[in-house]
Each structure stands twice: as C-alpha cells, then as structure tokens.
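None of the values given here were measured: they were computed from a predicted structure.
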Amino acid sequence: MINTNNSKIGDFVFVPVTTGEPTSSAIATAVATAVATVINSIRKGQPNPNDWKGWNQLDQREQKPIGTSVTGWIIKDGQSIQNEALNILSYIQEFGFNNVIGYNKFWNRNITIDDLYNKLTRGGYIQEANQIKQIFNKPNPIANLFQPSNSNQSEISPIFLLAIVGGAIFLFTRKKRKK
C-alpha cells in the first residue's frame, strides 16, 4: 500500500510504503523514495507550459510594466523555444495583445508582429503565427485615408482627396435641390 502523503525536502522525495512487514516496508519505502527522487530531479528544470500564468504577478512584484515577462520571451530565447512559444500563445489567448505588441518601457523598444511571428515559427507554431500576422496585416481603409501614398509625408492621400471632393459634390448638389 503506497501512502500518498509524500514529503519533499529539496530534491529528495520521501515516499512511505506500508506492506505489513517491517523489513519489506523499509525496502519498499527506500525503493519508492529513490524512484520518486530520481523522477523529481529529471523533471526539475524542464519547461513548464503553464509559466505564463505567473507572468503578470512577476511583473507586478518586480515593479515592471505588465507584459514585460511575455515580451521578454518574445525577444529572447531560453532552453525551449517551443515551450516559450506555447506560453506566449497561452498568454495572448488569456490577456490579448494589449501588453504584448507595441512599445515596452522596460526593454526600451517596440515589440513588433514580426518579433512575435519569428518566435512562434521557430517554436513550431507556424499556423498560429500566420493567423496572427494575417490579423494584424488586414488593410484598414479608414486608417489608410490619412496615410500618404508614398514616402513624401507632406502629400495628402489620393483617397482622402477623393473623399473630400465627393463630400463637396454631395453638399453642393444638395444645396441646389433645396433652392
């Protein structure tokens, strides 16, 4: 009979086993404890797919802007890029992109969609990376009205000019009808 009340001291795990006989109980306990300690030491340092759950609390505790941990894993690599990418995706699924994409004061840099795309594809999440990139690269016709058509920033967008001319024609023809 294995007792489920295991005690852990550092890397050592004590697993009490009762067989009914003192000698066999001691041997069984020693073997179970050795196995549990080995398994525990193998698991130690392995990537954890739930790391993201503590990132906001870590940022608060260290008095960093919320999102610093997730953006840190986007721009740097640890032991398992696949696990880091999974954690980043889980974080985004739970909290969205607000603290992820854009300027981060702590890193003193802009975290871009390309940074995120690069990390996710290297982590093996190619489909998810493509979906995210597609979401952010959708054309926004309203925003494009105010964007110049080339690099000359003083030029007004032709679409914006067309909208102004169309509005003027509409107002002009509307006034003529009322007379």
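- Listed here is the closest heavy atom pair of Gly67 and Asp59: N-OD2, 2.9 Å.
- A cation-pi arrangement is present between Lys76 and Trp73, with the terminal nitrogen or guanidinium carbon under 6.0 Å from the aromatic centre and inside a 45° cone about the axis.
- Not a single donor-acceptor pair under 3.5 Å links the side chain of Gln82 to the backbone N or O of Gly124.
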From CA spacing to verdict: side-chain contact (heavy atoms from CB on, under 4.5 Å), Trp55, Ile66: CA-CA 8 Å; Trp55 285 348; Ile66 298 297; over 6 Å; no

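- Between Tyr91 and Asn87, every side-chain heavy-atom pair lies at or beyond the 4.5 Å cut-off.
- Contact detail for Ser90 and Trp52: the closest heavy-atom pair is CB-NE1, 3.2 Å.
- Hydrophobic clustering (ILVMFWY, side-chain heavy atoms < 4.5 Å, transitive): Ile113 and Ile126 are in distinct clusters.
- For Gly123 against Ala85, the heavy-atom pair with the smallest separation is CA-CB, 4.0 Å.
- Side-chain contact check for Asn108 versus Tyr103: some heavy-atom pair is nearer than 4.5 Å.
- In this structure, Asn56 CG and Phe95 CZ are separated by 4.5 Å, a value rounded to the nearest 0.5 Å.
- Going from atom CZ of Phe106 over to atom CD of Gln63 covers 12.0 Å, rounded to the nearest 0.5 Å.
- The closest side-chain heavy-atom distance from Thr68 to Glu62 is not below 4.5 Å.
- Considering all non-hydrogen atoms of both residues, Gly96 and Val100 come closest at O-CG2, 3.7 Å.
- Separation of atoms CD1 (Ile81) and CD1 (Ile88) is listed at 10.0 Å; rounding is to 0.5 Å.
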For Ile132 and Phe97, what are the C-alpha separation, side-chain angles and deciding distance, and is it a side-chain contact (heavy atoms from CB on, under 4.5 Å)? CA-CA 10 Å; Ile132 289 172; Phe97 290 96; 3.8 Å; yes

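- Separation of atoms CG (Asn118) and CD1 (Ile75) is listed at 12.0 Å; rounding is to 0.5 Å.
- Using a 4.5 Å cut-off between side-chain heavy atoms of Ile, Leu, Val, Met, Phe, Trp and Tyr, with links allowed through other members, Tyr117 and Ile135 fall into different hydrophobic clusters.
- Partner of Thr112 under the side chain to side chain donor-acceptor pair (under 3.5 Å) criterion, chosen from Asp114, Asp115, Asn110: Asp115.
- Taken from CG in Leu116 to CD1 in Ile74, the straight-line distance is 5.0 Å, to the nearest 0.5 Å.
- Here CG of Leu86 is found 9.5 Å from CD of Glu128. Values are rounded to the nearest 0.5 Å.
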